[in-house]
Amino acid sequence: LVQVEESGGGLVQEGGSLTLSCTVAGLRFGFGDYAMGWFRQAPGKEREGVACIRKDGEWSDVIASVKGRFTISRDNAKELLRLQMNDLKADDTAMYYCAAAATSWCYAEIRESQFNHWGQGTQVTVSS
């Protein structure tokens, strides 16, 4: 049984920062063998891919709307994924989900279909 658990969400003012964390247990070949991603879903909107990081952490990408503000990172020794979010905006308000990919690499477009294990989400609310 694969368990994915996010933490670190909360309420923050615009311009503030939050760091989301994600732990994963039970992956068949271990945390370090899979790409990892962050997704978010705002009320009334579809879930969108925010960031993806390759299994070794040497390559990552974020969507254009958060580029320069969000950073995805991983510590394979600790089996930990992070999303550092700076200069938060009201539009960043959403439920944020951590997900483990079925592959070790990230595709050019961050798609749900690439990921097969999901957490329950952590809420991020940015007040204006």
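Hydrogens, waters and symmetry mates are skipped; everything else that's a heavy atom, side chains included, is used.
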Minimum-distance pair of heavy atoms, taken over all atoms of [X] and [Y]:
| X | Y | value |
| --- | --- | --- |
| Gly119 | Glu6 | CA-OE2, 3.2 Å |
| Gly8 | Leu18 | O-CD2, 3.8 Å |
| Val62 | Ala51 | CG1-CB, 3.7 Å |
| Ile72 | Ser60 | CG2-CB, 3.6 Å |

Are the side chains of [Y] and [X] in contact, using a 4.5 Å heavy-atom criterion?
| X | Y | result |
| --- | --- | --- |
| Leu27 | His117 | yes |
| Phe31 | Lys55 | no |
| Thr71 | Met85 | no |
| Val24 | Cys22 | yes |
| Arg40 | Val66 | yes |

Quiz prompt | Inter- and intrachain pairs under salt bridge (charged side-chain N to carboxylate O under 4.0 Å, His left out), touching residues 112-126, at least two apart | solution = Arg47-Glu112
[atom1]/[X] to [atom2]/[Y] distance, rounded to the nearest 0.5 angstrom?
| X | Y | atom1 | atom2 | value |
| --- | --- | --- | --- | --- |
| Thr103 | Arg54 | OG1 | CZ | 11.5 Å |
| Asp56 | Asn76 | CG | CG | 8.0 Å |
| Met36 | Leu83 | CE | CG | 11.5 Å |
| Gln114 | Cys106 | CD | SG | 6.0 Å |

Practice problem: Return yes if some donor-acceptor pair links the side-chain N/O of Gln3 with the main-chain N/O of Ala25 below 3.5 Å, else return no. | Solution: no
Quiz item: Can you hop from Leu80 to Phe29 via hydrophobic side chains spaced under 4.5 Å?
Solution: no
Practice problem: Indicate, with yes or no, if Tyr97 and Val2 share a hydrophobic cluster defined by side-chain heavy-atom contacts under 4.5 Å among Ile, Leu, Val, Met, Phe, Trp and Tyr. | Solution: yes
Would you be so kind as to tabulate the donor-acceptor pairs closer than 3.5 Å made by side chains of residues 121-128, with sequence neighbours excluded?
| unit_1 | atom_1 | unit_2 | atom_2 | d |
| --- | --- | --- | --- | --- |
| Thr122 | OG1 | Gly9 | N | 3.1 |
| Gln123 | NE2 | Ala94 | O | 3.4 |
| Gln123 | NE2 | Thr125 | OG1 | 3.4 |

Self-check item: side-chain hydrogen bond (donor to acceptor under 3.5 Å, both in side chains) contacts touching residues 15-25 (sequence neighbours left out)
Solution: Ser17-Asn86, Thr19-Gln84
Quiz item: Applying side-chain hydrogen bond (donor to acceptor under 3.5 Å, both in side chains), which residue pairs with at least one partner in residues 26-38 are found, sequence neighbours left out?
Solution: none
Among residues at least two apart in sequence or on other chains, which ones pass side-chain contact (heavy atoms from CB on, under 4.5 Å) with [X]?
| X | answer |
| --- | --- |
| Asn116 | Ala102 |
| Lys45 | Ala42 |
| Asp91 | none |

Sequence-distant partners of [X], side chain to side chain donor-acceptor pair (under 3.5 Å), two or more places apart:
| X | value |
| --- | --- |
| Glu79 | none |
| Glu109 | Arg111 |
| Arg82 | none |

Practice problem: Mind jotting down which residue pairs meet the ring pair (Phe, Tyr, Trp, His ring centres under 6.0 Å) criterion with at least one end in residues 39-84? Sequence neighbours excluded, please. | Solution: Phe39-Phe115, Phe39-Trp118
Self-check item: Shared-cluster residues of Tyr107, by chain and number - hydrophobic side chains joined below 4.5 Å
Solution: Trp105
